[in-house]
Asker: 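Pasting a structure here, questions to come.
Please read these numbers as outputs of a predicted model, since none were measured by experiment. Note that these values count all heavy atoms, side chains included, but never hydrogens, waters or copies made by symmetry.
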Amino acid sequence: PGEKKSSILLQNTQRSHAVAMAGTVTKKPVRNRTLNHEPSLPVMAHEIKPQEHRQVKKSRVLAGQVALVTGGAVRLGRAISLALAREGCHVAIHYLRSAGPARVTAREARRLGVEALPLRADLSRPAQARRLVAATRRRFGRLDILVNNAALFLRTPLSTTTPEQWDRLLAVNLRGPFLCAQAAAPE
């Protein structure tokens with residue numbers, strides 16, 4: 001009673017790609033708990049409930065497209081790579097140190113009926129970023145989607161982070177996406 005269910009499409013607008021997920025959203029009023037002891041306000045919580053296994057005919061919206069997912073072997077990058085593959089997109093899966101997981105992710109993507117290729121590159125190095133994009137185009141003949149997902153995470157407290165560590169973080173997390181986007185941009 002009082003619950004509203006609707007189909008959903010989750011979209012990550014920061015990375016300019018959309019991932020469709022089968023499920024329903026259930027909206028229920030819940031209490032907002034705050035840490036500063038302000039009075040609780042009712043808000044709407046969204047819970048995703050998977051739908052029953054049933055055959056749903058849907059088109060693969062990215063069928064035949066080619067995507068390069070940086071950091072595409074593990075964590076969020078893996079999820080993005082496989083979501084793109086489920087939608088029919090061929091995937092180049094970039095990694096730096098995760099060769100084993102990149103091969104596993106590529107194998108899982110191929111099981112979804114697309115081509116997948118793991119590619120190693122250090123995105124802090126301009127020549128390697130350019131070669132990564134070039135290798136994707138060479139293998140697939142084109143590049144339609146670039147997902148700049150690779151990131152370096154420092155496990156060092158800020159107070160003890162060295163300038164060299166900071167420079168490396170910026171080179172991978174900020175400069176790397178710029179270099180990949182520049183290499184992938186239409187001429």
Side-chain angles (χ1 to χ4, degrees), residues 8 10-21 23 30 32-38 43 45-48 50 66-87 89-112 114 116-137 139 143 145-185:
I8 62 169
L10 298 179
Q11 183 172 355
N12 180 339
T13 55
Q14 291 179 332
R15 292 215 164 91
S16 300
H17 68 276
V19 179
M21 299 184 71
V30 297
N32 182 16
R33 293 176 182 85
T34 59
L35 297 177
N36 58 3
H37 304 293
E38 292 179 8
V43 296
H46 301 278
E47 298 174 4
I48 298 174
V66 175
L68 167 58
V69 181
T70 67
V74 296
R75 296 182 297 275
L76 179 60
R78 179 180 186 280
I80 292 169
S81 294
L82 294 176
L84 288 166
R86 274 190 290 282
E87 291 301 321
C89 191
H90 305 296
V91 186
I93 300 164
H94 160 263
Y95 69 95
L96 178 59
R97 295 183 196 98
S98 305
R103 285 190 297 270
V104 169
T105 301
R107 188 170 37 247
E108 290 178 26
R110 284 186 208 106
R111 285 187 196 133
L112 295 169
V114 300
L117 176 69
L119 294 167
R120 184 182 187 282
D122 181 346
L123 298 181
S124 69
R125 299 175 183 255
Q128 289 192 31
R130 286 190 300 271
R131 280 196 296 267
L132 175 66
V133 171
T136 301
R137 285 191 171 129
R139 172 64 175 84
L143 176 59
I145 302 166
L146 170 63
V147 180
N148 277 313
N149 175 72
L152 180 66
F153 302 97
L154 291 181
R155 293 179 186 358
T156 308
L158 181 62
S159 61
T160 58
T161 299
T162 66
E164 293 78 18
Q165 290 171 317
W166 182 248
D167 289 343
R168 174 78 176 143
L169 181 125
L170 289 178
V172 172
N173 296 7
L174 186 59
R175 189 175 181 206
F178 162 75
L179 293 170
C180 289
Q182 188 177 51

Asker: Can you give the donor-acceptor pairs under 3.5 Å from side chains of residues 77-84 to other protein atoms, not counting sequence neighbours?
Answerer:
| from | atom 1 | to | atom 2 | distance (Å) |
| --- | --- | --- | --- | --- |
| R78 | NH2 | E108 | OE1 | 2.5 |
| R78 | NH2 | E108 | OE2 | 2.8 |
| S81 | OG | G72 | O | 3.1 |
| S81 | OG | G77 | O | 3.0 |

Asker: Does R120 have any salt bridge (Lys or Arg N to Asp or Glu O under 4.0 Å) partners at least two apart in sequence or in another chain, and if so, which?
Answerer: none

Asker: Once you round to the nearest 0.5 Å, how far does CZ of R137 lie from CG of L132?
Answerer: 11.0 Å

Asker: Above 12 or not: heavy atoms from other molecules or residues under 6.0 Å from CZ of R110?
Answerer: yes

Asker: Between the main-chain N or O of A150 and the side-chain N or O of T70, is there a donor-acceptor pair closer than 3.5 Å?
Answerer: yes

Asker: In Å and rounded to the nearest 0.5 Å, what is the OG1 to CG distance from T136 to L143?
Answerer: 6.0 Å

Asker: Please output the side-chain donor-acceptor pairs of residues 89-102 that fall under 3.5 Å, not counting sequence neighbours, one pair per line with the distance.
Answerer:
| from | atom 1 | to | atom 2 | distance (Å) |
| --- | --- | --- | --- | --- |
| H90 | ND1 | E115 | N | 3.0 |
| H94 | ND1 | G71 | N | 2.9 |
| H94 | NE2 | A121 | O | 2.8 |

Asker: Could you list the donor-acceptor pairs under 3.5 angstrom formed by side chains in residues 173-184, with sequence neighbours left out?
Answerer:
| from | atom 1 | to | atom 2 | distance (Å) |
| --- | --- | --- | --- | --- |
| N173 | OD1 | L152 | N | 2.6 |
| N173 | ND2 | L152 | O | 3.0 |

Asker: Supply the atom-to-atom distance L158 CG to W166 CH2, rounded to the nearest 0.5 angstrom.
Answerer: 7.5 Å

Asker: Which residues pass the side-chain hydrogen bond (donor to acceptor under 3.5 Å, both in side chains) test with D167, not counting sequence neighbours?
Answerer: none

Asker: Among residues at least two apart in sequence or on other chains, which ones pass salt bridge (Lys or Arg N to Asp or Glu O under 4.0 Å) with R168?
Answerer: D122

